[in-house]
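Predicted, not measured: the structure shown is a model, and the values here were computed from it. Throughout, a chain's letter reflects where its sequence line sits, starting with A, and its residues are numbered from 1.
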2 protein chains.
Amino acid sequence: MPDSRRSNCPVSCTLEIIGDKWTLLVIRDLIMGKKTYSEFEQSPESIPTNILAERLKRLQSHGIVRRNQYQERPPRYAYELTDKGKALKPVLLAMMKWGHENLADTLSLEDIRRMQK
Amino acid sequence: MPDSRRSNCPVSCTLEIIGDKWTLLVIRDLIMGKKTYSEFEQSPESIPTNILAERLKRLQSHGIVRRNQYQERPPRYAYELTDKGKALKPVLLAMMKWGHENLADTLSLEDIRRMQK
DNA sequence: TCCAGTAACTTGTAAAATACAAGTAACGGG
DNA sequence: CCCGTTACTTGTATTTTACAAGTTACTGGA
């Protein structure tokens, strides 16, 4: 579904998928190993729950994220990045680097890794 | 003006500045050598003029873009990236690469460079 | 001198997206 | 049987975006 692109510029087309304030945060969480809906909700930025649900569906429809039911009763789901989704990692890393180097009081990759443990 | 950030994650803070469908297209144009308001308006994505004006002001307020009056009468202005703005180039390049490799019918950097001439 | 044209915007408003609060379904554990 | 948890959905107010039109400050040509 290319549903009428603005142009065939790869940057423009990419922004039509991930160009907003929340989508890349979900992808960040997935890269950091988070898997479930409630884990995404618990991230410090407090994404509104309807936005989270909508973004996860969008990302699935674009083949960036996959949803697996890992338990029958009660039903539980794990989200994960596809190869196409994992390929976004360089975009995330470039943003992380820029943010850390150019915006005051932002964490480095090392700070974040330390907090994971 | 950090005007109440969602968190101190560098990705989140970066997205609060450039996280939308238009801002990075303006930065793309600046990287490609465009300088004036009307050149940005003429890009194939057809950015609404009020959005363009608002984004240019935002980018100036964040020290990413600078506006120079290069002519008195009639007044004419050239926009350009600051060092902080130029540092976003890796983000753009990563998006360009992802888009070209993962979205159908998008151009490569080489295609784009060819069209410039 | 008057008029069309261009650059760089601003203003008004309708439509769409987002934020916030509340509610629902399907359990499991005490 | 009631409380808590996961994974959402629904409704509505607020904010953002899109589209159209208008403004200011000129230049160049008839």
Side-chain angles (χ1 to χ4, degrees), chain A residues 1 3-7 12-27 29-30 33-62 65-80, chain B residues 1 3-7 12-13 15-27 29-30 33-62 65-81:
Chain A
M1 301 144 195
D3 69 291
S4 72
R5 290 169 166 171
R6 298 180 295 185
S7 75
S12 175
C13 295
T14 299
L15 289 172
E16 289 182 45
I17 300 173
I18 61 164
D20 66 78
K21 294 205 176 357
W22 293 111
T23 302
L24 282 174
L25 288 188
V26 176
I27 293 170
D29 284 352
L30 284 160
K34 295 187 182 176
K35 291 176 184 325
T36 66
Y37 194 93
S38 55
E39 283 178 308
F40 304 138
E41 278 189 310
Q42 285 156 28
S43 284
E45 294 85 8
S46 303
I47 184 170
T49 178
N50 55 339
I51 301 292
L52 175 57
E54 195 273 334
R55 291 303 193 276
L56 286 169
K57 278 180 191 161
R58 269 194 111 234
L59 289 171
Q60 286 174 77
S61 81
H62 284 287
V65 162
R66 210 178 5 242
R67 188 178 82 142
N68 290 326
Q69 183 166 357
Y70 65 88
Q71 184 183 295
E72 275 283 336
R73 11 217 69 243
R76 291 290 180 265
Y77 307 94
Y79 291 91
E80 55 185 26
Chain B
M1 300 145 191
D3 70 292
S4 70
R5 289 169 167 173
R6 298 179 295 184
S7 75
S12 175
C13 295
L15 288 172
E16 289 182 45
I17 299 173
I18 59 164
D20 67 78
K21 293 207 178 351
W22 294 111
T23 302
L24 281 174
L25 288 188
V26 176
I27 293 170
D29 284 351
L30 284 160
K34 294 185 182 178
K35 291 177 183 324
T36 65
Y37 194 93
S38 54
E39 282 178 308
F40 305 138
E41 277 189 311
Q42 285 156 29
S43 284
E45 293 85 10
S46 303
I47 183 169
T49 178
N50 54 338
I51 301 292
L52 175 58
E54 194 273 334
R55 291 302 191 280
L56 286 168
K57 278 181 191 160
R58 267 194 110 235
L59 289 171
Q60 287 174 76
S61 81
H62 284 288
V65 162
R66 210 178 5 243
R67 190 178 82 141
N68 290 326
Q69 182 165 359
Y70 65 86
Q71 182 183 296
E72 275 281 339
R73 4 219 77 241
R76 291 291 180 263
Y77 307 95
Y79 292 91
E80 54 185 26
L81 291 169

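The line from NZ of B:Lys35 to OH of B:Tyr79 is 13.5 Å long, rounded to the nearest 0.5 Å. Once rounded to the nearest 0.5 Å, the distance linking CD1 of A:Ile17 with OG1 of A:Thr23 reads 10.0 Å. Between the CZ atom in B:Arg66 and the CG atom in B:Leu56 there is a gap of 14.0 Å [rounded to 0.5 Å]. Residue B:Cys13 holds its SG atom at 11.5 Å from CD1 of B:Ile18, rounded to the nearest 0.5 Å.
Considering only side-chain atoms of A:Thr36, the nucleotide from D:dA25, C:dT18, D:dA7 that sits closest is D:dA7. For B:Tyr70, the side-chain atoms get nearest to C:dA8 when compared with the rest of C:dA8, D:dA7, D:dT17. Closest to the side chain of B:Lys57, out of C:dT10, D:dA7, D:dA18, is C:dT10. Comparing D:dT9, C:dA7, C:dC9 against the side chain of B:Arg76 picks out C:dA7 as the nearest. Nearest nucleotide to the side chain of B:Pro48, out of D:dT17, D:dT10, D:dA18: D:dA18.
At a threshold of 4.0 angstrom between heavy atoms, the contacts of A:Tyr79 are confined to the sugar-phosphate backbone, with no base atom among them. At a threshold of 4.0 angstrom between heavy atoms, the contacts of A:Ser38 are confined to the sugar-phosphate backbone, with no base atom among them.
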Where do N or O atoms of nucleotides 14-16 of chain C meet protein N or O atoms at under 3.5 Å, pair by pair?
none

Atom pairs, protein N/O to nucleotides 28-30 of chain C N/O, distance under 3.5 Å:
none

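Distance OH (A:Tyr37) to P (C:dC27): 19 Å, rounded to an integer number of Å. Atom CG of A:Asn50 and atom P of C:dA19 are 8 Å apart (whole Å). Rounded to whole Å, the distance from CG on B:Leu52 to P on D:dT16 is 18 Å. A straight line from CD1 of B:Ile47 to P of C:dC9 spans 13 Å, rounded to a whole angstrom. Between the P atom of D:dC8 and the CD atom of A:Glu41 lies a distance of 10 Å, rounded to the nearest Å. The distance between atom CZ of B:Arg6 and atom P of C:dC20, rounded to the nearest whole Å, is 11 Å. In this structure, B:Glu39 places its CD atom 8 Å from P of C:dA8, rounding to the nearest Å. Straight-line distance from the CD atom of A:Glu45 to the P atom of C:dA19: 12 Å, rounded to whole Å.
Between the side chain of A:Arg6 and the main chain of B:Ser46, no donor-acceptor pair closer than 3.5 Å is present. B:Glu54 places no side-chain N or O within donor-acceptor distance of the main-chain N or O of B:Asn50, the cut-off being under 3.5 Å. Under the 3.5 Å distance criterion, the side-chain polar atoms of A:Arg55 are left unmatched by any main-chain donor or acceptor of A:Trp22. Panel note: side chain A:Glu39, backbone A:Gln42; no donor-acceptor pair is recorded below 3.5 Å. The closest donor-acceptor contact from the side chain of B:Tyr37 to the backbone of B:Thr49 lies under 3.5 Å.
The phosphate of C:dA19 (OP1 or OP2) has a side-chain N or O of A:Trp22 nearer than 4.0 angstrom. Checking the phosphate oxygens (OP1, OP2) of C:dC9, a side-chain nitrogen or oxygen of B:Arg67 falls inside 4.0 Å.
For the pair B:Ala78 and A:Ile51, both in contact range of DNA chain C, the more 5′-proximal nearest nucleotide belongs to B:Ala78.
Between B:Arg5 and B:Glu16 there is no salt bridge, since no side-chain N of the basic residue sits under 4.0 Å from a carboxylate O of the acidic one.
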